[in-house]
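Structure, as structure tokens:
Numbered from 1 within each chain, the chains take letters A, B, ... in sequence-line order.
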Amino acid sequence: MEPPKKEIRLFQLTILSWFKSNARQFQWRALGLSIYQIVISEVLLQRTKAETVSKNYDIFFKRYPDWNSLNNSNICDIENLLFPFGLYRQRAQRLKALAKAMVENNVLLPNERSLIEKIPLMGQYIANAVELLVFKRNIPLLDVNMARVLERYFGPRKLKDIRFDPYLKFLSREVVDHIKSKEINWAILDFAALICQSRKPKCPICVFQKTCQYHLKIYNLDLDGHQE
DNA sequence: AATGCGGGGTT
DNA sequence: AACCCAGCATT
């Protein structure tokens, strides 16, 4: 029941085309970021709007430019800087544990996936981000947003938890298995934020109208509604 | 599998 | 007032 390669190709071409004229610009999408900047950016982005992170991004990195400065700080200072991001008490604790682990490991990331996931705060999503952005592998940034876009377009998952759903895992890997893997990943996140929003998706201006399962379903329901 | 974390913006 | 946001750790 997996979508044919042809459908995947069409989705890739369309989202890349859309991305060309609609990409969002963020500090963490600049070229030549350090591993520290890449990892911390992903931590800040957890359950937090990209715009919120962007607004407070420079203040955080000016105060804590590297693993050592973060490791040498106290929890209270980190909390104060994290306050505008939300989840600040929990993230301050975990960030410091992460910095400590990195310093103890000579500020190096292991190459292997199973070892990456042993580091504090490196869950399924951030491990994927590390593989994509640091090691340049074709790996999906599978979060609630990518899940929503893929499920609306290709059809819903079975399991409740995104991280363990085999259908979504397979589908997301197929979709970003492309020479422009990073661009497709960012394109899907931007598309999710700007068009395929959780609550009020902008189907009327969406480039996927003809082939999106979600739109076709809504469209048919709408026709039924007007028939009486 | 379910729950807590959290300020800030949107509906 | 309710909902949502580039998740993770703990139970």
Hey, which sits more toward the 5' end of DNA chain C by its nearest nucleotide, A/L121 or A/L189? A/L189
Pick the nucleotide of DNA chain C nearest each of A/E51 and A/M122; which residue has the one closer to the 5' end? A/E51
Determine the Euclidean distance between corresponding C1' atoms of B/dA1 and C/dC5; express it in Å to zero decimal places. 22 Å
If we ignore angles and hydrogens, is there a donor and acceptor under 3.5 Å between the side chains of A/N80 and A/R63? no
Nearest-angstrom distance from the residue atom CD1 of A/I188 to C1' of C/dC5: 18 Å
Phosphate contact (B/dT10 OP1 or OP2) by A/R199 side-chain N/O below 4.0 Å: no
Need one value for A/Q124: base, sugar-phosphate or nothing, where a base atom within 4.0 Å counts as base even if backbone is also close, heavy atoms only. sugar-phosphate
Between B/dC5 and C/dC4, how far is it from one C1' atom to the other, in whole Å? 14 Å
With rounding to the closest Å, how many angstrom separate the C1' atoms on B/dG7 and C/dT10? 23 Å
Contact class for A/R24 (heavy atom, under 4.0 Å): base, sugar-phosphate, or nothing? base
Contact nearer the 5' end of DNA chain B, comparing A/F164 with A/Q46: A/F164
Proximity to the side chain of A/Y88 - top-ranked nucleotide from B/dG6, C/dG7, C/dA6: B/dG6
Do the side-chain N or O atoms of A/R29 get closer than 4.0 angstrom to the phosphate oxygens (OP1, OP2) of C/dA6? no
When rounded to whole Å, the CD1 to P distance for the pair A/I119 and C/dC8 reads 13 Å
Tell me if the centroids of the rings in A/Y36 and A/Y64 come within less than 6.0 Å of each other. no
Taking CZ from A/R47 and C1' from C/dA6, how many angstroms apart are they, rounded to a whole number? 10 Å
Just the rounded figure in Å: distance from C1' of C/dC5 to NZ of A/K200. 18 Å
Let me check something: do A/W18 and A/L189 share a hydrophobic cluster, defined by ILVMFWY side-chain heavy atoms less than 4.5 Å apart, either directly or through other members? yes
Check every strand shown and say whether A/V144 touches a base, only sugar-phosphate, or nothing at a heavy-atom separation below 4.0 Å. sugar-phosphate
Considering only side-chain heavy atoms of A/L45, which listed nucleotide, C/dC5, B/dC5, C/dA6, is closest? C/dA6
Hydrophobic clusters here meaning ILVMFWY residues chained together by side-chain heavy-atom distances under 4.5 Å, can you tell me if A/L150 and A/L16 are in one? yes
Can you tell me if A/N185 touches the phosphate of C/dA6, counting only side-chain N or O atoms and a distance under 4.0 Å to OP1 or OP2? no
Presence of A/Y125 side-chain N/O under 4.0 Å of C/dC8 phosphate oxygens OP1/OP2: no
Taking NZ from A/K55 and C1' from B/dG7, how many angstroms apart are they, rounded to a whole number? 11 Å
In whole angstroms, how far is the P atom of B/dG6 from the CG atom of A/L81? 16 Å
How many Å lie between CD1 on A/I116 and P on C/dC8, as a whole number? 13 Å
Measuring only the P atom in each nucleotide, how far is C/dA9 from B/dG8? A whole number of Å is fine. 25 Å
Can you tell me if A/R157 uses its side chain to pair, donor with acceptor, with the backbone of A/L159 under 3.5 Å? yes
Which whole-number value in Å describes the distance from A/N145 CG to C/dC4 C1'? 10 Å
Taking the same atom, P, in B/dG6 and in C/dA1, what whole-Å distance lies between them? 22 Å
For atom C1', what is the distance between B/dG9 and C/dC8, given to the nearest Å? 23 Å
Flag yes if more than 12 heavy atoms outside A/L108 fall under 6.0 Å of its CG atom; otherwise flag no. yes
Just to be sure I understand the rule, does A/T52 reach a base, reach only the sugar-phosphate, or reach nothing, if contact means heavy atoms closer than 4.0 Å? nothing
Of the candidates B/dG6, C/dC5, C/dC8, the side chain of A/R94 sits closest to C/dC8
Below 30° counts as parallel, above 60° as perpendicular, anything between as tilted: where do the rings of A/F26 and A/W28 land? parallel
Sugar-phosphate only, base, or nothing, as touched by A/L44 at under 4.0 Å among non-hydrogen atoms: nothing
If each of A/F83 and A/L159 is mapped to the nucleotide of DNA chain B with the nearest heavy atom, which maps nearer the 5' terminus, i.e. the 5' end? A/L159
